[in-house]
Asks: 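Shown below is the structure under consideration.
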Amino acid sequence: MEKITSLAKRRGFVFQSSEIYGGQNGAWDYGPMGIELKNRIAAAWWKEMTQLHDNIVGLDAAILMHPRTWEASGHVENFTDPLVDCKKCKARFRADMIPEENLAAKKCPECGGELTDTRKFNLMFKTHIGPAEDTASIIYLRPETAQGIYVNYKNIIQSNRMKVPFGIAQIGKAFRNEIVTKNFIFRTCEFEQMEMQYFVKPGTDEEWFDQWRKRRWAYYEKLGVKMDHLRWHQHGPDELAHYAKDAYDIQYLFPMGWRELEGVHNRTDYDLGRHTEYSGKDMQYIDQDNNNERYIPYIIETSAGLTRNLLMILCDAYDEEQVADKGNDDDWRTVLRFHPTLAPVTVAVLPLMKKDGLAEMAQDIRNELKEDYSVDYDQAGAIGRRYRRQDEAGTPFCVTVDYQSKEDGTVTLRFRDSMEQIRVPKAELALRLRQEIKAYKRLK
Ligand code: ATP
């Protein structure tokens with residue numbers, strides 16, 4: 001993880017928030033490469049969840065919601081972690097994350113000092129809206145995006161004529177006052193979620209739950225993720241959230257071990273039932289195709305962290321490869337094997353030399369390609385070193401303009417993963433890239 005954190009900073013993926021002030025715990029900034037990668041991951045998910053389905057639509061709800069929302073959802077009462085402190089070294093732990101013997105003996109796992117009793121700690125960030133800081137003005141930063149979907153479910157049925165089963169997808173920020181934030185961007189206080197809520201008829205929920213588990217698994221396969229680094233984990237009775245009938249996590253083998261990447265949950269009619277109770281509004285679905293049968297739909301949720309997906313994609317893509325055996329520093333290369341649709345830069349255009357009109361020709365190619373692709377241009381330094389720089393940034397294709405290019409109009413197309421080089425007429429480049437991206441298969 002140290003290598004990934006340092007590469008992420010060096011190449012402008014992720015910076016510590018407010019670094020010049022010593023950093024802000026639980027918050028990170030996404031640099032020029034990071035924002036491109038994050039946007040592409042979000043776009044891939046959005047396409048998968050909306051464009052490829054006729055019955056799933058999008059939403060972008062506000063982060064600030066009426067505080068009753070969080071009473072109805074159960075978050076005010078239940079969204080807590082068990083907290084213990086060490087009286088001696090003042091370290092703070094989630095009680096469910098330290099060895100049981102330490103908890104039983106009330107012994108700090110770090111210094112051996114005495115631990116406090118376990119107490120409940122609510123993870124929601126609370127603030128005030130308006131000028132008066134009294135109980136009437138309390139408002140929360142949303143701890144999940146899902147509730148914004150539930151409170152809009154009737155609006156969406158009416159405005160978009162949706163019929164059960166249908167889904168609503170949303171990507172947005174969520175905030176949790178996490179007790180322990182470590183492992184880089186894995187668990188942060190401010191993060192982004194990609195959630196899809198699928199509304200189904202009660203009784204069909206188990207079938208849809210299985211369907212969505214299959215679809216979410218296939219999605220990661222399509223992205224080229226190492227499938228032996230993914231596994232399912234079913235929630236046991238002590239893990240199930242207060243609203244869930246069944247829940248499976250997709251876990252990824254991060255450098256620190258197997259950890260949750262995404263959850264697929266059967267949330268039953270809990271949320272819509274509670275909103276009916278707390279808002280006084282009828283949240284029943286009226287099935288006009290079936291004698292106006294009324295029911296509160298069950299909800300199957302797929303809930304993934306966008307920022308956690310970004311960490312997964314970085315870890316999954318990271319590779320160090322020996323490419324020569326000459327006893328030199330550059331015998332090894334660091335390469336990010338991003339899927340080309342996710343790579344922040346799709347193609348780098350490199351003139352072999354700045355002189356003799358090669359740079360001008362390369363710039364013309366850059367200008368042509370940038371209509372369709374995200375393009376980097378680099379004319380500084382030895383060509384081998386420039387390839388290495390692009391490998392480390394995860395750029396899947398490099399185009400090199402050399403003297404032959406001037407003679408016959410062909411350029412070198414170099415592939416990041418195999419390092420293979422072929423010659424392609426420059427007029428065919430854009431099309432060839434499109435074909436390569438579509439046909440991409442991960443080699444390693
Ligand atoms: P955990 O057990 O890791 O705290 P959770 O089970 O509370 O997570 P959910 O409420 O199911 O997580 O949230 C759905 C997804 O949102 C998670 O799978 C994860 O990818 C992401 N997520 C949740 N909390 C955080 C966080 N603090 N930082 C980054 N991503 C998060």
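Atoms within each ligand, like the ligands themselves, are counted from 1 in listed order. Nothing here was measured: the structure is a model prediction, and the numbers come from that model.
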Asks: Does any donor atom in the side chain of Asp271 or Gln147 lie under 3.5 Å from an acceptor atom in the other side chain?
Replies: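 Present: a donor and an acceptor within the cut-off.
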Asks: Nearest non-hydrogen contact with atom 26 (C) of ligand 1 belongs to which option: Thr188, Asn177, Val264?
Replies: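 It is Thr188 that holds the nearest heavy atom.
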Asks: Kindly give the heavy-atom pair with the smallest separation between Phe338 and Ala393, and that separation in Å.
Replies: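 Minimum heavy-atom contact is CE1-O, 3.6 Å.
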Asks: If you measure every N or O of Gly305 against every N or O of ligand 1, does any of those distances drop under 3.5 Å?
Replies: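 Yes; the residue has a nitrogen or oxygen that sits under 3.5 Å from a nitrogen or oxygen of the ligand.
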Asks: Give every residue pair that meets the side-chain hydrogen bond (donor to acceptor under 3.5 Å, both in side chains) criterion with at least one member in residues 99-113, sequence neighbours excluded.
Replies: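 Sorted result for residues 99-113: Lys106-Asp117.
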Asks: For atom 23 (C) of ligand 1, state which one of Glu144, Arg259, Arg176 supplies the nearest heavy atom.
Replies: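 Looking at heavy atoms only, Arg176 sits closest to atom 23 (C) of ligand 1.
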Asks: With respect to atom 3 (O) of ligand 1, which of Arg187, Gln251, Met97 exhibits the smallest heavy-atom separation?
Replies: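 Result: the heavy atom closest to atom 3 (O) of ligand 1 is in Arg187.
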Asks: Charged N to carboxylate O below 4.0 Å: is that the case for Arg119 and Asp85?
Replies: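 Yes, charged N to carboxylate O under 4.0 Å.
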Asks: What is the distance from atom CE of Met49 to atom OH of Tyr198, rounded to the nearest 0.5 Å?
Replies: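 Answer rounded to 0.5 Å: 10.0 Å.
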Asks: For a quick check under 3.5 Å, do Ser303 and Glu195 share a side-chain donor-acceptor pair by atom type?
Replies: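 Their side chains do contain a donor-acceptor pair, which is all the 3.5 Å distance test asks for.
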Asks: Which bit of Gln193 gets closer than 4.0 Å to ligand 1, counting heavy atoms only: side chain, backbone, both or neither?
Replies: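 Side chain only; the backbone of Gln193 stays clear of ligand 1.
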Asks: Using only heavy-atom distances, determine whether the side chains of Arg386 and Gln390 contain a donor-acceptor pair under 3.5 Å.
Replies: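 No, because no side-chain N or O of Arg386 sits under 3.5 Å from a partner of the opposite role on Gln390.
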Asks: Closer than 4.0 Å to some heavy atom of Phe186 - which atoms of ligand 1 meet that?
Replies: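 Those qualifying, in numeric order: 28 (N), 29 (C), 30 (N).
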Asks: Give a yes/no verdict on whether any heavy atom in Glu178 is under 4.0 Å from an atom of ligand 1.
Replies: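 Heavy atoms of Glu178 do come under 4.0 Å of ligand 1.
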Asks: Number the atoms of ligand 1 from 1 as they appear, then name those within less than 4.0 Å of a heavy atom of Glu262, with their elements.
Replies: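 Selected atoms, number and element: 18 (O).
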Asks: Indicate whether the side chain of Glu371 and that of Tyr373 have a donor and an acceptor atom separated by less than 3.5 Å.
Replies: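 Side chains of Glu371 and Tyr373: no pair found under 3.5 Å.
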Asks: Number the atoms of ligand 1 from 1 as they appear, then name those within less than 4.0 Å of a heavy atom of Ser303, with their elements.
Replies: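 That gives atoms 13 (O), 14 (C), 15 (C), 18 (O) of ligand 1.
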Asks: Mark up the atoms of ligand 1 that fall under 4.0 Å of a heavy atom belonging to His265, in ascending order.
Replies: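 Going through ligand 1 atom by atom, the ones under 4.0 Å from His265 are 11 (O).
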Asks: Would you say Ala304 has any N or O atom under 3.5 Å from an N or O of ligand 1, going by distance alone?
Replies: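 In fact, backbone or side chain, Ala304 has no N or O that close.
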Asks: Which heavy atom of the protein is the closest neighbour of atom 17 (C) of ligand 1, given with residue, atom name and distance?
Replies: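 Ranking protein heavy atoms by distance from atom 17 (C) of ligand 1, first comes Glu260 OE2, 3.3 Å.
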Asks: Between Thr181 and ligand 1, which part of the residue brings a heavy atom under 4.0 Å of the ligand: side chain, backbone, both or neither?
Replies: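 For Thr181, no heavy atom sits under 4.0 Å from ligand 1.
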Asks: So, are Lys3 and Glu320 salt-bridged, with charged N and O less than 4.0 Å apart?
Replies: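 Looking at Glu320 together with Lys3, the answer is yes, because their closest N to O distance falls below 4.0 Å.
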